[in-house]
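What you see is a predicted model, and the numbers here were worked out from it, not measured in a lab.
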Amino acid sequence: MSGTPAVEMRDVHKRFGKLEVLHGVGLTVHRSDVVCLIGPSGSGKSTLLRCINFMESYDSGEVRIDGRLIGYRDEAGRRRPMPGRDLQKMRESIGMVFQHFNLWPHMTALGNVAEALVRVRKLPQAEATGRARAMLARVGLSDKETTYPARLSGGQQQRVAIARSLAMEPKLMLFDEPTSALDPELVGEVLQVMRSLAAEGMTMIVVTHEMGFAVSVATRIAFLDRGRIAADGTPRAVLHESEEPRVRQFLQTYHERNSF
């Protein structure tokens with residue numbers, strides 16, 4: 001595939017004290033790709049995701065967004081931290097949705113979506129409100145504009161969080177297990193929003209345990225084990241044809257508990 005990748009990770013290492021969480025990770029994501037990261041708990045999936053937008057600093061290697069190094073800059077052969085203003089500017093093109101919704105409890109759904117547009121993008125209140133209203137409609141919550149988070153279901157709160165990220169007009173969306181905190185009957189409404197984003201061509205990297213979603217939506221699946229990518233390919237190649245023992249063991253355990 002031609003063109004500069006949307007995301008390129010090269011030999012990325014990350015340590016927390018003596019514990020090395022990422023061991024030389026390499027991952028390339030092209031525009032309009034939907035890459036699902038799967039693997040056992042503690043394998044480094046969330047850390048990998050957080051390194052992409054530099055919510056976690058990485059110790060060595062490179063993470064590039066649209067060809068540009070994030071978090072650091074190279075000066076005369078030496079790596080230095082990227083100035084905070086430059087980092088913030090790069091992050092504006094990256095949306096992030098977490099396991100937990102992180103909504104402001106004292107603001108309505110509309111206020112939660114509009115607030116960052118006013119504070120970060122410096123939009124006039126009327127323009128921010130108009131864009132926020134459009135984003136809530138996009139995730140099917142037009143009728144919840146004036147509702148506070150405590151009165152929303154978990155699935156609705158997560159959709160508000162997605163609308164908040166979309167309002168910033170990101171080029172890349174990162175999802176860190178967005179359905180793991182939801183009751184099972186609420187998972188589908190969030191996944192449907194994500195499916196619609198994929199159909200519209202949004203570039204997405206998703207940490208997930210929802211194998212059905214990964215099979216139906218992902219252009220690629222990357223399997224992480226102990227901080228390394230043990231398999232990376234199409235859903236069929238990874239989930240049905242991989243000879244990697246850890247992949248087969250993981251999927252066998254999953255099949256015993258679920259079906260997809």
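The other members of the hydrophobic cluster of Met107, by chain and number, are Trp104 (side-chain heavy atoms under 4.5 Å, ILVMFWY only).
Residue Arg121 qualifies as enclosed at atom CZ: its count of foreign heavy atoms under 6.0 Å is above 12. Within a 6.0 Å radius of CZ in Arg64, more than 12 heavy atoms belonging to other residues, nucleotides or ligands are found.
Taking Val21 as the reference, Phe16, Leu19, Thr47 meet the side chain to side chain contact (heavy atoms under 4.5 Å, CB included) condition, with sequence neighbours excluded. Residues satisfying the side chain to side chain contact (heavy atoms under 4.5 Å, CB included) test with Ala132, not counting sequence neighbours, are Leu110, Val113, Ala114. Under the side-chain hydrogen bond (donor to acceptor under 3.5 Å, both in side chains) criterion, Glu244 pairs with no residue at all, not counting sequence neighbours. Applying the side chain to side chain contact (heavy atoms under 4.5 Å, CB included) rule to Ser43 yields the partners Pro40, Lys45, Leu224; only residues at least two apart in sequence or on another chain are considered. Residues satisfying the salt bridge (charged side-chain N to carboxylate O under 4.0 Å, His left out) criterion with Glu75, sequence neighbours excluded, are Arg73, Arg80. Take Arg246 and apply the side-chain hydrogen bond (donor to acceptor under 3.5 Å, both in side chains) test, not counting sequence neighbours, and it matches Asp225, Gln249. Here Arg159 pairs with Glu189 under the salt bridge (charged side-chain N to carboxylate O under 4.0 Å, His left out) rule; sequence neighbours left out. Residues meeting the salt bridge (charged side-chain N to carboxylate O under 4.0 Å, His left out) test with Asp176, sequence neighbours left out: none. Applying the side-chain hydrogen bond (donor to acceptor under 3.5 Å, both in side chains) rule to Asp66 yields the partners Arg31; only residues at least two apart in sequence or on another chain are considered.
Here the CZ atom belonging to Arg15 is positioned 8.5 Å from the NE2 atom belonging to His23, to the nearest 0.5 angstrom.
The nearest pair of heavy atoms linking Gln158 to Phe98 is NE2-O, 2.9 Å.
Distance alone, capped at 3.5 Å, places no donor-acceptor pair between the Ser242 side chain and the Leu239 backbone.
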Donor-acceptor contacts under 3.5 Å from residues 145-152 side chains, at least two apart:
residue: Glu145; atom: OE1; partner: Arg133; partner atom: NE; Å: 3.0
residue: Glu145; atom: OE1; partner: Arg133; partner atom: NH2; Å: 3.4
residue: Glu145; atom: OE2; partner: Arg133; partner atom: NE; Å: 3.0

Please set out all donor-acceptor pairs under 3.5 angstrom arising from side-chain atoms of residues 85-96, sequence neighbours excluded.
residue: Arg91; atom: NE; partner: Asn53; partner atom: O; Å: 2.9
residue: Arg91; atom: NH2; partner: Phe54; partner atom: O; Å: 2.7
residue: Ser93; atom: OG; partner: Met90; partner atom: O; Å: 2.9

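Centroid-to-centroid, the aromatic rings of Tyr58 and Tyr72 come within less than 6.0 Å.
A donor and an acceptor atom, one from each side chain of Thr129 and Gln125, are located under 3.5 Å apart. Counted by atom type alone, His100 and Asn102 present zero donor-acceptor pairs between their side chains at under 3.5 Å.
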